Amino acid sequence: MIEIELDGKKIEVVEGSTIIHAADQAGTYIPHFCYHKKLSIAASCRMCLVDVEKMPKPMPACATTVAKGMVIRTRSEKAVKAQQSVMEFLLINHPLDCPICDQGGECQLQDLAVGYGGSSSRYQEEKRVVAVKDVGPLVSMQEMSRCIQCTRCVRFGQEVAGVMELGMTHRGEHAEIETFVGQSVDSELSGNMIDICPVGALTSKPFRYSARTWELARRKSVSPHDSTGANLIVQVKNNKVMRVVPLENEAVNECWIADRDRFSYESLNSDERLTSPMLKQGGVWVSVDWQTALAYVAKGLNSVKKEHGAASLGALVSPHSTLEELFLASSLMSSLGSPNVDYRLRNAEFPAVEGIRHLGRSIASLSTLQSALVVGSNLRKDHPLFAQRIRQAVRAGCVLSVIGSSAQDWAMPVANILVASHASWAQALADVAAAVAAEKGVTAPVAGVASDSAKAIARSLLAGERKAVLLGNGAAHHARASSLLALANWIGEQTGASVGYLTEAANTVGAQLAAALPGASGKNAGQMLSGALKAVLLLNNEPEFDSAAGAAVVDGLKQAEMVVTLSPFKANMAFSDVLLPIAPFTETSGTFVNAEGRVQSFHAVVKPLGETRPAWKVLRVLANLLEIPGFDFESSQEVLAKVCGLPDQGQTLLPDRILSNATQAAIDLKAAAGSPVVAGIYALDGLLRRSTSLQLTADAKRSNAAQEVTA
């Protein structure tokens, strides 16, 4: 630590800090545009000029390192005059279109112009105009004349997203930010460029001209998509979700969110929303009231139970549902005497439950790994924010190794790639185990061949202190999933690496905590989908798209006497008998548990649409109609307390004793039949599949094309 003087006050700062970091620490604001705490220093805007004693001219605070005894003045006449001069130059070519600018009201340039801009301009010449560019369905570059060349967007692409999609061309007044040779912006994190743009040059294309920032109410929420559990600010106008932006949480998503977290809100207002209960009568769907619909379901469940027994009832639940919904669905089946409930719709193997599978370490620690082995994951598309964390680690020297069926573009350097067919993943991991055993002089758990790639992976895991073996969605859904976990655990024990699942959905961990799993004699998801039940409850899922069975489920579920779908959308109409409209995450309170075991509760941000009701209330009333005791919950918070004894206190971590990736499963190296089913980046759940803008992206088009080829 060294001592400096800042605006007449003595403060101690870490040696090597810049002036702007020292000022932040002291609570002193220095105006800036190009500086961003998560990006490298560019020092291109010069707005942060400050007066440093003994320096002949003002110095940029973002690029000037503090020195012992340095005297800095941020509000002296010299500093303020320099800042005002910079502002005058920035405004020379800036269009005076604040009344129609989407950034108006939350524009950094607008705010600073109030304090540092003049009341009139000395510039009388014509302002420059930059040609309009179309870079895709998510980010709008219609007003690049506003750009001040701060290069935040360029540096974000290089350093955070890992893809340099934007760059600066030409020089002087002709300089402009654009894509290379007319390409589109396709990064799965591209929406963050909108947030970090300080002047409204980059704006949200779906949100464009739909509302003013001061008209929007801001409410906290949690992403319902992948297992990061990204914290969100949902912006609302007239009881309608208009925009979603990140809520900063360094432990989870830092200040970023994935595009699917940002733009999936479009589906909340789509024409496919189910707004009233519906019954199929004579092959025709008719809208009914809630009392009629629930009475029909209760009567049907009792009838099937009486005629075929409780074992003929079952529930297929989505890991994108809240903890409360999953618990009540599981409890309802259990109370009816049925052990048939499962959330593992895309799994190919259904081993006995041994523990709650999770990440095995904190999300934040992914940024500091020194060595990592990822098995069976297209990390960049399956978990964009985890990929961003690991990208940080790789930039700092982490050795990244991959076992997969093909070499994919992860937008980061991959040191070792062991390419093997899906059927041979267990053997490939066994080869790595054999290489570890050879390096350590111990006996390998099973026979394996220590190939050059396996040896390189083994050496990387044996080096360093902070290391992890991470099993992706492909490994979790694999026909030899338990063997992959057993091998990963052995490698982890021998190398000191943590072992964990990246986990697929927002509440995969929560589904295990809520015991949304078959009982001792219960049928698993695969059996239930094949037509083994007479009455099926589908909670927040569309088996045709959300399960490993795919289109085959239509024939399987048509064999049931009654299929009840609880969904925010008009879904499963080909084989359902009842549709019950339940609230999506924006219209209900609830809890998600992310990959690391972080319990995150949230509240509804808008009122339910039409006759939609929160699923936990629907399940509670259904249980009451079935005269099942113990379902007298008055709030989702009461249900949460029943599940895990935790009050609704925002965020908390599950204790380690609850979480476990240990397994006693035997290792089977026989070639597995079939490929693991992994959803595309914008096909993970019903909300994403109905987001118009996301479905127009290059990723969605590639995913849809691949599905058509497979079909």
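Predicted model, so just to flag it, every value in this text is computed and none were measured. Count residues from 1 along the sequence.
Across all their heavy atoms, R480 and D668 have their closest contact at CD-O, 3.4 Å. Here the closest non-hydrogen pair linking I356 and N661 is O-OD1, 4.3 Å. Closest non-hydrogen pair, A700 versus L694, comes out as CB-O, 3.2 Å. Residue R262 comes nearest to I257 through the heavy atom pair NH2-CG1, 3.5 Å, listed as atom of the first residue, atom of the second, then distance. Across all their heavy atoms, A479 and A673 have their closest contact at CB-O, 4.3 Å. V402 approaches I457 most closely through the heavy-atom pair O-CD1, 4.5 Å.
In this structure, a donor-acceptor pair under 3.5 Å is absent between the side chains of S365 and T368. In this model, no donor atom of one side chain and acceptor atom of the other lie less than 3.5 Å apart for N253 and T228. A donor-acceptor pair shorter than 3.5 Å cannot be found between the side chains of E266 and T692. In summary, the side chains of H358 and Q512 do not present any donor paired with an acceptor at a separation below 3.5 Å, with no hydrogens or angles considered. A side-chain donor from one of E324 and T591 sits under 3.5 Å from a side-chain acceptor of the other. Judged purely by distance below 3.5 Å, without hydrogens or angles, the side chains of N489 and E493 never pair a donor atom with an acceptor atom. If you check the side chains of S318 and N541, you find no donor sitting under 3.5 Å from an acceptor. For the residue pair E504 / S227, no side-chain donor-acceptor distance below 3.5 Å is found, with atom types taken as modelled.
Distance CE/M562 to OG/S303: 8.5 Å, rounded to 0.5 Å. To the nearest 0.5 angstrom, S547 atom OG is 11.0 Å from H477 atom NE2. Rounded to the nearest 0.5 angstrom, L687 CG and S264 OG are separated by 5.5 Å. Here N378 contributes atom CG and Q408 contributes atom CD; the two are 4.0 Å apart, rounded to the nearest 0.5 Å. Taken from CG in N524 to CG in N347, the straight-line distance is 9.0 Å, to the nearest 0.5 Å. In this structure, S377 OG and I403 CD1 are separated by 12.5 Å, a value rounded to the nearest 0.5 Å.
Checking side-chain atoms of H422 against main-chain N and O of S405 turns up no donor-acceptor pair under 3.5 Å. Panel note: side chain S331, backbone F327; a donor-acceptor pair is recorded below 3.5 Å.
Of the charged side-chain nitrogens involved, none lies within less than 4.0 Å of a carboxylate oxygen, so that K280 and D577 do not count as a salt-bridged pair. Using a 4.0 Å cut-off between charged nitrogen and carboxylate oxygen, R361 and E596 do not count as a salt-bridge pair. Between R690 and D685 there is no salt bridge, since no side-chain N of the basic residue sits under 4.0 Å from a carboxylate O of the acidic one. A salt bridge links E439 with R459: the closest approach of a Lys/Arg side-chain nitrogen to an acidic carboxylate oxygen falls below 4.0 angstrom. A salt bridge does not link K558 with D555: none of the charged nitrogens is closer than 4.0 Å to a carboxylate oxygen.
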> Hey, mind stepping through V678 and D382 against side-chain contact (heavy atoms from CB on, under 4.5 Å) and telling me if it holds?
Replying inline: CA-CA 9 Å; V678 178; D382 294 346; 3.9 Å; yes
> Hey, mind stepping through T565 and L539 against side-chain contact (heavy atoms from CB on, under 4.5 Å) and telling me if it holds?
Replying inline: CA-CA 6 Å; T565 291; L539 175 60; over 6 Å; no
> Yes or no on side chain to side chain donor-acceptor pair (under 3.5 Å) for E354 and S660, after CA distance, side-chain angles and deciding distance?
Replying inline: CA-CA 8 Å; E354 296 179 283; S660 173; over 6 Å; no
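Between F585 and H225, the ring planes lie perpendicular to each other; the angle is over 60°, past the 30° to 60° tilted range.
E544 is listed as a side-chain neighbour of V554, based on a closest heavy-atom distance under 4.5 Å. Side-chain atoms of D342 and M528, non-hydrogen and from C-beta on, do get closer than 4.5 Å to each other.
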